[in-house]
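When a ligand or atom number is given, it counts from 1 through the structure's own listing order.
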Amino acid sequence: MAQTRYGLRIVRIILLFTILALVVYYNLKSGVDSIEPPSPIPAPKPPPTQTPLPSDYYGWTLTTIPNGTHVPGFTLLDHLYLRNGTFYVVTLDRASFPFRENLLSRPVETQLRFIAPGWQDAGRILGTASGVLGLETKYMKDFSVIVYDPPELMKDYFHWFGEVILGAWRVYSHISPDEPAMSATPPKHLPLPRHFILPFMGRGDLAGSHGALMRAAFPYVTIEWSDYWDDLKRLDTTVVFDRVMLVNRHAATRSPSGSVPWSSSMIAGAMNVTVPPNFLGSCAEYAVAGHALLEEGFDRRLSAEDHDGLIEALRELHAEGICDVRVVTLERMTLREQIHVAARTSILIGVHGSELNLQLWMPGSTVIEIFAPNGYSFDNELVARNMGLRHYAVWNDTFVTYDKGSYHPTVNFSDGFDGVIPVHGPTVSSIIRSRLPAQPAWKYRTILPGTAWYDWSLT
Ligand SMILES: *[C@@H]1O[C@H](CO)[C@@H](O)[C@H](O)[C@H]1NC(C)=O
Ligand SMILES: *[C@@H]1O[C@H](CO)[C@@H](O)[C@H](O)[C@H]1NC(C)=O
Ligand SMILES: *[C@@H]1O[C@H](CO)[C@@H](O)[C@H](O)[C@H]1NC(C)=O
Ligand SMILES: *[C@@H]1O[C@H](CO)[C@@H](O)[C@H](O)[C@H]1NC(C)=O
Ligand SMILES: *[C@@H]1O[C@H](CO)[C@@H](O)[C@H](O)[C@H]1NC(C)=O
């Protein structure tokens with residue numbers, strides 16, 4: 001009997017273990033089923049409810065604005081996502097980003113979205129990001145500049161170099177850590193972009209001197225047009241940009257201070273960022289004498305008599321050995337000659353208008369802009385300020401110049417603004433006399449940050 005009972009107990013124990021083993025097996029099996037990811041996303045880490053927020057979450061690297069490098073219309077973004085023509089910012093903290101309209105506004109308002117959890121509900125971002133962005137990504141290494149604007153204005157030399165390129169480089173330079181290196185010979189500069197991407201422009205929209213100068217300024221950079229953008233859309237995958245400077249004119253002209261007279265300028269906000277003084281990387285070897293350049297357009301706008309008076313006043317400066325003087329008409333010069341002459345000029349004189357575009361290649365110099373009496377416009381002055389040039393406005397026999405932080409009160413397209421303009425020569429030469437001691441001339445000068453120590457030497 002005892003033996004039978006003992007045998008039964010063993011049978012019961014075996015049965016019990018078998019059932020237990022079965023239960024454990026099924027539990028494990030179903031457990032494996034339930035933890036098998038529905039998609040190849042890495043296993044969840046603990047939800048990041050505490051600060052600081054993680055930079056990498058569930059495999060989605062969060063989008064950031066490095067060192068706060070943003071003014072409306074010019075934004076540096078690390079890990080910006082793009083899918084089917086729409087940009088996505090992935091963040092755990094929506095409030096740390098500017099308004100969408102300050103990043104990207106027109107042409108199409110909705111083409112930038114935020115993937116952000118509602119009020120620190122960090123766990124949900126995983127599902128949201130994967131749901132929207134899918135699971136495959138294509139990684140775009142290094143630094144790209146995306147100019148999200150239609151071609152109309154960008155075809156213009158001034159709008160392209162004086163606003164898009166100057167503004168983008170100035171804002172980008174905000175992250176520049178090593179100022180002294182920029183004064184080295186040849187000057188150092190921040191990493192150049194690998195691509196310029198122009199989603200709404202076609203091949204040929206930067207025709208003529210634009211394209212040529214872009215190649216000179218950024219020798220190893222590719223320019224991609226709308227066909228490339230359309231290809232990215234058709235990829236049906238998410239493109240991850242390592243670092244992007246996102247440029248948008250409409251956003252840039254949304255000035256926070258609508259009361260200032262230059263608020264509609266694209267580069268008004270760019271003046272607000274702090275940058276090293278030599279951010280254009282265009283330092284130089286000094287030559288001994290100063291060089292002044294009078295630029296007169298084809299449609300010379302100074303009255304004949306005043307033109308002669310101005311030339312006479314400049315000739316006196318030359319004769320006294322105060323500076324070398326040249327009188328040129330840019331339209332008659334090749335691109336190379338223009339840059340060559342800009343590279344050695346330390347004082348540029350011209351009538352208000354596109355003649356003064358040459359200042360774009362003269363960082364650190366002086367520009368003297370002749371207006372019709374009482375007339376004023378900020379276009380050239382804002383370029384000068386962004387580039388670190390000293391700007392003078394001349395009204396016949398009077399002039400003004402403004403220090404940082406002070407401004408002419410208003411735009412004034414006065415009577416005769418575009419007509420024949422008077423100028424008193426000795427007034428201009430007095431400005432040059434006062435500037436020259438502080439204004440060395442350059443023997444060499446690079447024309448844009450990327451110019452590989454371009455040989456615009458005088459020899
Ligand atoms: C891509 O965007 C277009 C409109 O911009 C839309 O019609 C199309 O359905 C989208 N494609 C996918 C795959 O979402
Ligand atoms: C961030 O910008 C400041 C100037 O505002 C500069 O001093 C600092 O070096 C920059 N930091 C980095 C990491 O670029
Ligand atoms: C520049 O910054 C100041 C203060 O930070 C602000 O009041 C002003 O509106 C800004 N100007 C532009 C054009 O962004
Ligand atoms: C310009 O200034 C000169 C010198 O003061 C003066 O003689 C001349 O009349 C002025 N011209 C005009 C148009 O005001
Ligand atoms: C604008 O110019 C006109 C002359 O054309 C002058 O009468 C007027 O006072 C100027 N306005 C301002 C605000 O300077």
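The pair Arg249-Glu163 meets the salt-bridge criterion, with a side-chain N (NZ, NE, NH1 or NH2) lying under 4.0 Å from an Asp/Glu carboxylate O.
Note that atom 9 (O) of ligand 5 has no protein non-hydrogen atoms nearby, at separations under 4.0 angstrom. Within a 4.0 Å radius of atom 5 (O) of ligand 4, the protein has at least one heavy atom.
In this structure, of Asn84, Asp236, Thr86, the residue bringing a heavy atom nearest to atom 12 (C) of ligand 1 is Asn84.
For atom 13 (C) of ligand 5, the closest non-hydrogen atom of the protein is Thr410 CG2, 3.8 Å. In this structure, atom 7 (O) of ligand 5 lies nearest to the protein heavy atom Asn374 ND2, 4.5 Å.
Within ligand 4, the atoms closer than 4.0 Å to a non-hydrogen atom of Pro422 are 13 (C), numbered from 1 in the order shown. Per-residue contacts place Asp397 under 4.0 angstrom from the following atoms of ligand 4 (heavy atoms of the residue considered): 2 (O), 4 (C), 5 (O).
When only interatomic distances are considered, the shortest N/O to N/O separation between Asn412 and ligand 5 falls below 3.5 Å. An N or O contact shorter than 3.5 Å links Asn396 to ligand 4 by distance.
With hydrogens and angles ignored, the 3.5 Å screen pairs a side-chain donor or acceptor of Asn386 with a backbone N or O of Ile267.
Under 3.5 Å, the side chains of Ser144 and His195 contain no donor-acceptor pair of N or O atoms.
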